[in-house]
Structures are given as C-alpha cells and as structure tokens.
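A note on names: the letters A, B, ... follow the listed sequences, proteins ahead of strands, and every chain is numbered from 1.
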2 protein chains.
Amino acid sequence: MKSVTIFSEEQKQAARFAKAMGHPVRMYVLELLTKQSCCYSGDLSDVLPIAKSTLSQHLKELKDVGLIQGEIEAPKVKYCINRENWAKAQKIFNQFLEAV
Amino acid sequence: MKSVTIFSEEQKQAARFAKAMGHPVRMYVLELLTKQSCCYSGDLSDVLPIAKSTLSQHLKELKDVGLIQGEIEAPKVKYCINRENWAKAQKIFNQFLEAV
DNA sequence: ATCTTTGTTCGTAAAATTACGAACAATATG
DNA sequence: CATATTGTTCGTAATTTTACGAACAAAGAT
C-alpha cells in the first residue's frame with residue numbers, strides 16, 4: 001500500500017489485535033489465559049503439537065502486540081494477559097462488533 | 001502443525017474470523033459496512049490506495065470467511081455484512097473477550 | 001454492434017508468516 | 001564446578017499473504 005492516512009489509528013490497532021488473534025495456537029493461548037490467570041510456556045509446550053521454538057515465536061507475537069505479558073520466574077517464564085491492552089481490545093471490538 | 005485436535009471448533013472459527021479482520025483494508029471495509037448497510041466495490045476503490053484487483057482479493061477473503069456477502073447489481077457488485085455470520089462472530093468474540 | 005463501465009481472474013513478484021532443529025543463555029540443582 | 005531445565009534466538013525452508021497490471025467477462029449505454 002502506498003498511503004495509509006485513510007485508516008484511523010483505531011482501525012489499525014484493531015487490525016493488529018485481530019491479526020495476532022488470527023492463528024489457532026495464539027487463540028488457544030489467549031483463551032487459556034482468560035480462564036486461568038497465568039501459565040508457563042512449558043504447560044503450553046506439553047499440550048500443543050508444535051516445537052518449542054515455534055511456540056516461543058507465537059508468544060512473542062502476542063507479547064509484541066501487547067495482549068499478553070511474560071514475567072521471568074527463572075528458569076521458567078510466567079505468562080498472563082496484559083489487562084490494560086486487553087481492555088483496549090475489548091473496547092475496540094465491542095464497539096466494532098455491536099455496531100450492526 | 002502436525003495435529004489439530006487440540007483446538008476446539010470455536011477456537012478455529014475465532015482464529016479464522018480474526019485473521020480475516022487482521023488487515024487495515026479489510027477492517028476498513030467491515031467498519032464501513034457496519035455504518036452504512038451496504039456499499040459498492042467502486043466506492044471503496046475510489047478511497048482506498050490499492051489496486052482494484054487487490055481490493056477484489058480482500059473482498060473475496062471477507063466473503064470466503066463469511067463476514068460479508070456480495071450481490072450482483074450489474075455491472076456493479078453490492079456488498080453488505082453477512083448478518084448470520086456476523087452474529088456468530090459477535091457471540092464468539094464477546095464470550096472470549098469478556099472472560100477477563 | 002461497438003464501446004464503456006465495473007469488477008474478477010490470472011500470472012507473477014516481493015514480503016511476511018509459520019515451522020523446525022540446533023545452538024545458546026540463564027539459572028537451578030547435584 | 002558440572003549438569004539439567006527452561007525458553008529464546010538463529011538460520012533456514014516452505015507456504016501464505018499482499019500487491020500489481022494485464023487480460024477477461026458481463027452488462028448497460030450509444
């Protein structure tokens with residue numbers, strides 16, 4: 001795309017969030033974290049049929065977009081929802097979806 | 001991914017919807033259609049900084065995932081929200097997002 | 001019947017995503 | 001200190017996505 005001024009910041013943010021949610025593994029992780037407050041990468045690795053490096057990439061994506069956060073609890077990493085940005089996503093999607 | 005039985009149908013559906021929403025152009029189209037009931041491809045082509053063939057691809061993606069539907073009104077095509085699937089998306093995302 | 005308008009399809013190129021295993025880093029444990 | 005555990009980073013390959021222009025199809029207008 002040449003320009004980008006056509007899109008509002010909200011639209012771009014919504015697209016970013018949506019894109020991050022657009023993969024079953026990432027959806028799975030998010031949904032788990034909405035249900036159990038936190039988890040360790042290893043818990044996920046045990047149940048998900050992907051290499052740990054791949055999982056790490058997916059978690060990084062979710063972190064980068066701000067939907068989750070990781071806290072080092074050596075040698076593990078504890079992941080949980082980033083509540084601030086989750087609230088943002090809630091607001092954006094509710095507004096958007098309920099408009100019809 | 002080798003297996004896929006880990007993911008629920010709802011998760012996969014949510015990921016599919018989210019993926020479709022995961023691009024500014026598609027987000028723009030969806031948001032427009034939530035606000036004005038319908039539009040012609042040409043209206044979008046006028047305002048969006050992309051080739052008409054690219055736009056057509058994006059619209060096809062939204063159609064394929066079921067979020068919009070197109071009706072031929074020759075020589076134009078009228079697009080609008082697919083209400084049935086939109087309701088599905090609402091339900092899935094509300095359930096998912098409100099869980100935190 | 002020809003031309004115009006509208007949008008899709010096709011072929012293709014560039015970039016991004018998804019995935020893996022190997023190597024590495026950090027820290028706990030023996 | 002050596003070793004085991006946990007997860008990230010790196011290099012790489014395969015696939016998918018995004019984008020364009022050219023060609024095409026359908027139908028209305030002249």
Once base and sugar-phosphate atoms are separated, protein heavy atoms under 4.0 Å mark nucleotides 22-28 of chain D, 5' to 3', with B, S and - as B----SS
Geometric class of the B:Phe93/B:Phe17 ring pair [parallel <30°, tilted 30-60°, perpendicular >60°]: tilted
task = Please state whether the phosphate of D:dT8, meaning OP1 or OP2, lies under 4.0 angstrom from any side-chain nitrogen or oxygen of A:Tyr79.
result = yes
A:Leu55 atom CG is separated from D:dT6 atom P, nearest whole Å, by 14 Å
Separation of C:dA16 atom P from A:His23 atom NE2, nearest Å, is 18 Å
Exercise for review: Taking the side chain as every heavy atom from C-beta outward, state whether A:Thr34 and A:Glu31 have any atom pair closer than 4.5 Å.
Suggested key: yes
Rounded to whole Å, the NZ-P distance (A:Lys60 to D:dT8) equals 10 Å
_At less than 4.0 Å, is any side-chain N or O atom of A:Lys19 found next to OP1 or OP2 of C:dT17? Yes or no._
yes
TODO: Tell me, yes or no, whether the heavy-atom count around A:Glu73 atom CD, taken from other residues, nucleotides or ligands under 6.0 Å, exceeds 12.
DONE: yes
Counting the atoms with a prime plus P, OP1 and OP2 as sugar-phosphate, which does A:Lys78 contact under 4.0 Å by heavy atoms, base, sugar-phosphate, or nothing? nothing
Look at the side chain of A:Ser45 and the backbone N and O of A:Gly42, then say whether any donor-acceptor pair between them is shorter than 3.5 Å.
-> no
I want to check one thing: is the phosphate of C:dT17, taken as OP1 and OP2, less than 4.0 Å away from some side-chain N or O of A:His58? no
| query | Within the distance-only criterion (no hydrogens, no angle test), does the side chain of B:Gln90 pair as donor or acceptor with the backbone N or O of A:Leu97 below 3.5 angstrom? | reply | yes
Atom OH of B:Tyr40 and atom C1' of C:dT5 are separated, to the nearest Å, by 14 Å
Separation of C:dT18 atom P from A:Asp64 atom CG, nearest Å, is 13 Å
- Item | Student check: side-chain heavy atoms of A:Tyr40 and A:Val77 closer than 4.5 Å | no
Out of D:dT9, D:dT18, C:dT8, minimum distance to the side chain of B:Glu61 belongs to D:dT18
Report task. Just call it for B:Gln57: base, sugar-phosphate, or nothing, with non-hydrogen atoms closer than 4.0 Å on any strand. Result -> base
Atom CD of B:Glu73 and atom C1' of C:dT5 are separated, to the nearest Å, by 15 Å
Just call it for B:Ser56: base, sugar-phosphate, or nothing, with non-hydrogen atoms closer than 4.0 Å on any strand. base
Ignoring hydrogens and angles, tell me if any N or O in the side chain of B:Gln69 forms a donor-acceptor pair with the backbone of B:Lys63 under 3.5 Å. no
To the nearest angstrom, the CG-P distance between B:Asp43 and C:dT6 comes to 10 Å
Between CG of A:Leu48 and C1' of C:dC20 the distance, given in whole Å, is 16 Å
